[in-house]
Amino acid sequence: MNPVRVRFAPSPTGALHIGGVRTALFNWLFARHHNGKFILRIEDTDQTRSTDESIKIILDGMKWLGLDWDEGPFRQTERMDIYREHVDRLLKQGKAYYCYCTPEELEARRKAAIAAGRPPKYDRKCRSLTAPVVGRTPAVRFLSSDEGQTIVRDLIRGAVSFENQQLDDLIIQRSDGFPTYNFAVVVDDVTMNITHVVRGDDHLNNTPRQIQLYQALGYEPPEFAHLPMILGPDKTKLSKRHGATAVTEYIDLGYLPEALVNYLSRLGWSSGDQEIFSRQELIEKFSLDSVGKAPSVFNPEKLLWLNHHYIQQADPGRLAGLALALLKKDGVVASGKEPDREWLKKLVKMLTERSHTLMEMKTAAIPFLVDEIELDEKARSKHLTNDVAPILSELANRLKPVEPFTHTEVEKVFAAIVVEKGLKLGKVAQPVRVALTGGTVSPGIYDVIEVMGKEKTIKRIEAAITMIK
RNA sequence: GGUCCCAUCGUCUAGCGGCCUAGGACGCUGGCCUCUCACGCCGGAGACACGGGUUCGAUUCCCGUUGGGACCA
């Protein structure tokens with residue numbers, strides 16, 4: 001058995017999107033599971049749309065997700081000689097021919113064919129040409145067979161057969177000298193010794209023509225596995241119009257890479273009832289056998305749930321670093337004026353439970369970092385009423401001498417006041433919460449007070465009292 | 001339009017002929033916990049697209065219908 005070699009071959013024409021990541025992930029898992037090689041290849045033959053910026057985005061995204069590659073990134077534009085060589089070989093062997101038809105001519109004939117009720121495939125006009133057409137640069141077409149069938153043996157789909165009659169003489173090299181997608185893929189996969197082509201379902205229809213190319217070139221085709229598509233809520237192929245689909249967006253929204261990896265791995269694949277997988281478990285358990293055939297709808301809510309889960313699991317030091325970066329980006333924390341790291345970790349730990357994303361965490365952290373807070377108007381009018389002013393004064397006074405200023409000690413003060421005044425705890429806690437955080441939602445009030453510290457706590461309670469009067 | 005693929009709760013899925021009065025997860029929802037919001041815990045609603053076969057027995061196998069998707073243009 002040859003060692004497994006798989007590849008991920010994105011086109012650098014924009015963002016690295018969710019569908020691409022899932023394909024990359026499955027290839028990566030397959031390679032790691034089999035102790036094989038994962039190769040990265042940039043399909044940049046479409047010069048008009050490919051950009052270096054996009055390559056960078058793809059590489060950064062892969063790194064962020066921890067999908068490390070063993071070889072590459074290779075770029076198709078650096079492999080032009082290899083494609084030409086293969087084109088020449090087919091030409092010499094009479095398995096390909098020059099085609100001088102212009103796009104306009106082709107289009108006109110296709111329309112005519114449709115109008116006449118014939119299938120709009122290439123009419124093979126240039127097949128019988130014996131001499132070049134002067135003044136035109138030819139494309140090269142593959143001479144395909146009209147007879148029999150081509151069977152794609154797919155590891156996920158089983159045997160899928162196509163009538164060769166349906167396939168027309170596809171262009172393998174455009175008149176500008178660039179290879180076409182189907183041809184470059186075949187040449188690349190063969191010359192890179194790819195053993196398993198694991199890619200999106202959208203390429204299944206391309207596979208029979210590629211198999212014919214392998215055969216014409218005298219190569220053994222690799223194994224194929226076509227993954228079901230990821231769809232949007234409207235059941236069409238997931239795309240930008242369905243919302244956040246680029247990896248960079250998820251980074252910015254405050255998702256953890258392990259959450260995205262876990263979520264995507266469960267889209268079209270499963271292992272019994274298990275939902276949470278560590279990276280190591282994924283590698284151990286991944287198999288193409290348990291990849292489903294049906295396309296799956298992308299569900300942002302489940303991803304959010306997983307992200308919440310992984311935020312709970314994450315090391316507070318790491319979260320503190322990530323949160324700090326977001327805080328700086330927002331200008332809440334100035335460079336050079338970073339809060340104490342241990343204190344920040346304490347703050348982050350406290351916020352972790354109710355944070356589904358790092359963005360949520362960042363927002364919840366703001367009141368603890370700024371000097372002045374703005375009170376939510378509704379919260380203020382509901383909880384900072386005249387009758388609570390004396391309670392707050394009493395509380396502030398009793399808090400002043402508390403030492404150490406901890407959850408436990410603060411709780412004692414609250415308990416005493418509640419008992420003495422015959423109040424419900426909520427009558428004290430809610431106004432304090434508003435005074436300290438500006439809103440009605442926060443972690444437990446004693447934790448909030450401890451993390452906020454004595455000085456800020458007293459100051460904000462007193463400010464609230466002034467506001468009432 | 002042609003070719004190909006697909007079909008279990010709203011969504012992701014388990015199920016590979018009897019263990020299924022169909023299991024888990026997200027979401028939704030009732031309750032508990034409670035200083036708010038969450039978390040957590042307990043409970044609930046919720047699916048085998050339809051019609052034929054095959055079989056003692058079909059969610060599971062076959063055929064068709066319907067529906068959806070992808071690709072080619």
Side-chain angles (χ1 to χ4, degrees), chain A residues 19 106-107 110-111 113-115 117-122 149-150 152 154 156-168 170 181-182 200-209 226-238 262-277 289-309 311-312 350-356 360 364 376 379 382-383 410-411 414-415 417-418 423-434 436-437 439-449:
Chain A
L106 258 17
E107 181 58 24
R110 191 166 47 231
K111 276 189 179 146
I114 292 169
R118 282 179 285 121
K121 62 188 263 194
Y122 180 60
Q149 315 171 306
T150 299
V152 178
D154 189 279
I156 293 170
R157 314 270 149 182
V160 183
S161 86
F162 295 81
E163 293 295 330
N164 289 341
Q165 210 183 358
Q166 296 293 335
L167 311 173
D168 60 1
L170 85 151
Y181 168 77
N182 280 299
D201 215 355
D202 43 349
H203 292 292
L204 184 57
N205 283 306
N206 284 327
T207 309
R209 25 173 116 251
H226 287 93
L227 307 171
M229 299 274 88
I230 299 179
L231 313 178
D234 62 353
K235 307 267 180 119
T236 64
K237 196 172 164 180
L238 189 67
N262 195 150
Y263 177 69
L264 256 17
S265 71
R266 282 285 287 95
L267 220 47
W269 174 83
S270 63
S271 178
D273 281 343
Q274 191 169 344
E275 295 286 349
I276 308 287
F277 295 85
D289 296 339
S290 34
V291 173
K293 296 180 185 180
S296 30
V297 174
F298 184 77
N299 179 219
E301 277 158 347
K302 190 156 183 179
L303 171 59
L304 202 58
W305 171 75
L306 275 163
N307 202 51
H308 177 256
H309 169 83
I311 285 179
Q312 313 314 302
M350 177 176 78
L351 299 176
T352 248
E353 203 166 83
R354 64 214 75 214
S355 302
H356 286 77
E360 283 183 16
D376 175 71
K382 183 172 177 196
H383 295 287
V410 169
E411 183 170 4
F414 272 71
I417 291 180
V418 165
L423 296 167
K424 284 195 150 188
L425 181 54
K427 189 64 189 172
V428 185
Q430 275 305 76
V432 174
R433 193 184 314 279
V434 174
L436 297 184
T437 68
T440 54
V441 172
S442 85
I445 195 67
Y446 312 128
D447 289 327
V448 167
I449 290 172

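These numbers come from the heavy atoms of this one structure, side chains and all, not from hydrogens, waters or symmetry mates. In what follows, chains are A, B, ... by sequence order, proteins preceding strands, each numbered from 1.
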- Query: Going by modelled atom types, is there a donor-acceptor pair between the base of rC35(B) and the side chain of R433(A) at under 3.5 Å?
  - Reply: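 Such a pair exists between side chain and base.
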
- Message: Between the base of rC39(B) and the side chain of R354(A), is one N or O donor paired with an acceptor at under 3.5 angstrom?
- Response: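 No, the side chain and the base share no sub-3.5 Å donor-acceptor pair.
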
Counting only Watson-Crick pairs (N1-N3 plus N6-O4 or O6-N4) and G-U wobbles (N1-O2, O6-N3), all under 3.5 Å, who is the partner of [N]?
N: rC37(B); value: none
N: rA47(B); value: none
N: rU21(B); value: none
N: rC72(B); value: rG1(B)
N: rU66(B); value: rA7(B)
N: rC61(B); value: rG53(B)

Please confirm whether the shortest side-chain N or O distance from [X] to OP1 or OP2 of [N] is below 4.0 Å.
X: K235(A); N: rA70(B); value: no
X: K237(A); N: rC71(B); value: yes
X: S296(A); N: rU13(B); value: yes
X: T440(A); N: rC37(B); value: no

- Between atom CD of Q149(A) and atom CD of Q165(A), what is the distance when rounded to the nearest 0.5 Å?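 Rounded to the nearest 0.5 Å, the CD-CD separation comes to 11.0 Å.
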
- Kindly check if the number of other-residue, nucleotide or ligand heavy atoms within 6.0 Å of CD (Q274(A)) is above 12?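 Correct, the count exceeds 12.
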
- Query: What distance, rounded to whole Å, do you find between the two P atoms, one in rC62(B) and one in rG69(B)?
  - Reply: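 It works out to 24 Å between them.
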
- Message: Suppose you measure atom P in rG53(B) against the same atom in rA58(B); what distance do you get, rounded to whole Å?
- Response: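 11 Å, rounded to whole Å.
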
Gap between atoms [atom1] and [atom2], on [X] and [N] respectively (whole Å):
X: H226(A); N: rC6(B); atom1: NE2; atom2: C1'; value: 15 Å
X: W305(A); N: rU13(B); atom1: CH2; atom2: P; value: 15 Å
X: K302(A); N: rC28(B); atom1: NZ; atom2: P; value: 14 Å
X: L167(A); N: rC4(B); atom1: CG; atom2: C1'; value: 11 Å
X: L264(A); N: rU11(B); atom1: CG; atom2: C1'; value: 15 Å
X: E301(A); N: rG27(B); atom1: CD; atom2: C1'; value: 5 Å
X: F162(A); N: rU3(B); atom1: CZ; atom2: P; value: 12 Å
X: L204(A); N: rC72(B); atom1: CG; atom2: P; value: 12 Å

- Message: Need to verify one output field. Residue with the more 5' nearest nucleotide on RNA chain B, V441(A) or R209(A)?
- Response: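 Of the two residues, V441(A) wins.
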
- Task: Starting from the 5' end of RNA chain B, give me the residue, S290(A) or A294(A), whose nearest nucleotide shows up first.
- Result: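 Nearer the 5' end of the strand: A294(A).
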
- Remember a base hit wins even if backbone is also touched, and classify S442(A) as base, sugar-phosphate or nothing at under 4.0 Å, heavy atoms.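 Contact class for S442(A): base.
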
- Message: Base, sugar-phosphate or nothing for T236(A)? Non-hydrogen atoms, less than 4.0 Å.
- Response: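 Answer is sugar-phosphate: T236(A) comes under 4.0 Å of backbone atoms only.
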
- Message: Are H203(A) and Y181(A) an aromatic pair, judged by ring center distance below 6.0 Å?
- Response: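 Ring-ring flag for Y181(A)/H203(A): true, centres closer than 6.0 Å.
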
